[in-house]
Amino acid sequence: MIKKCLFPAAGYGTRFLPATKATPKEMLPVLTKPLIQYGVEEAVEAGIHTMAIVTGRGKRAIEDHFDISYELEHQIKGGSKEHLLSEIRGLIDRCTFSYTRQIEMKGLGHAILTGETLIGPEPFAVVLADDLCDCEEQGVLSQMVEVFEKYQCSVIAIQEVPKDQVYKYGVIDGNLVDGSEDTYRISGMVEKPEPEDAPSNLAIIGRYILTPDIFDIIRKTKPGKGGEIQLTDAILQQAKEGRVIGYKFKGRRFDCGSVDGFVAATNWFYDKSKD
Ligand code: G1P
């Protein structure tokens with residue numbers, strides 16, 4: 001059973017300056033919902049109700065979003081706009097949210113390690129909120145929980161990307177598990193390789209289920225690409241022992257960490273809302 005979901009949310013969001021100067025990038029809205037709310041909804045759909053959020057300076061808006069605003073609720077109670085708060089209110093009622101701060105930005109691996117205090121010794125999910133996913137039947141995390149239940153090891157979401165785009169991602173090496181078209185046993189991983197060094201065009205997307213031994217591995221992981229402690233390098237250690245599955249999820253993913261991806265997501269969800 002996966003009960004907790006970790007959201008690394010301490011990054012500066014420099015690609016969205018000046019919008020992210022005083023507003024966390026996780027709070028940028030696609031239509032009327034902030035990115036991180038989509039991630040929390042995806043976790044809830046996967047049966048997860050404990051949200052662990054790694055924040056940093058200037059991220060208070062995230063905590064306020066997942067809290068009750070009595071003044072606002074009082075103001076709109078009984079009026080035509082009351083329903084606009086029902087979704088977020090439902091999440092607040094069903095989930096617990098806990099927070100810890102990442103004091104220094106030392107990379108995604110370091111952010112995950114910072115969350116250890118909120119997760120403890122159990123397998124957990126990770127959502128990078130700027131990878132916004134939309135699936136027809138079952139959300140990405142829910143699909144991944146089923147894969148985890150079958151293989152009982154770390155699971156990472158992957159997607160084919162054009163070869164000239166691999167430098168933006170962690171890229172995996174591996175073989176399809178017997179009889180499967182979407183499930184790989186991962187043997188290697190490289191963080192943001194040059195296209196000629198990439199082992200494949202299968203890129204890691206910001207959804208992971210990790211076994212808790214990852215924390216000790218991260219503690220021993222030296223800074224890698226960009227001088228940062230890379231989660232990819234830590235998961236590689238599990239992969240070398242055959243303990244990582246790559247799962248090509250069914251659905252669409254938008255890179256909302258880039259302006260292009262953000263606009264594409266906005267158009268996609270807008271068109272969907274009109275259907
Ligand atoms: C992170 C990971 C990378 C992964 C990506 C997915 O990179 O380090 O392996 O492919 O998320 O979005 P970032 O986008 O934070 O630079």
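For ligands, and for the atoms within them, numbers begin at 1 and follow the listed sequence.
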Quick one: do [X] and [Y] make a salt bridge, cutoff under 4.0 Å?
X: K220; Y: D216; value: no
X: K106; Y: E228; value: no
X: K250; Y: E136; value: no

Going by the 4.0 angstrom heavy-atom rule, the piece of D131 near ligand 1 is side chain
Contact region, D255 to ligand 1, non-hydrogen atoms below 4.0 Å, reads neither
If we number the atoms of ligand 1 from 1 as shown, the ones under 4.0 Å from a heavy atom of T232 are 9 (O)
Quick note on ligand 1: atoms under 4.0 Å from a heavy atom of Y169 include exactly 10 (O)
Discussion item. Please verify the inter-ring angle class for F124 with F215; under 30° counts as parallel, over 60° as perpendicular, anything in between as tilted.
Written reply: parallel
Atom 11 (O) of ligand 1: closest protein heavy atom, distance to 0.1 Å, is L128 CD1, 3.4 Å
among protein heavy atoms, the one nearest atom 4 (C) of ligand 1 is I204 O, 3.4 Å
Atom 9 (O) of ligand 1: of K192, E191, Q230, the nearest heavy atom sits on E191
Does atom 13 (P) of ligand 1 have any protein heavy atom closer than 4.0 Å?
yes
Does the side chain of I68 come within less than 4.5 Å of R89's, by heavy atoms?
-> yes
Distance col, row E87:CD vs Q37:CD, nearest 0.5 angstrom, shows 6.0 Å
| request: Could you say whether the N/O atoms of Y208 and ligand 1 ever approach to under 3.5 Å? | output: no
If you measure every N or O of G170 against every N or O of ligand 1, does any of those distances drop under 3.5 Å? yes
By side-chain hydrogen bond (donor to acceptor under 3.5 Å, both in side chains), E116 pairs with (sequence neighbours left out) R219
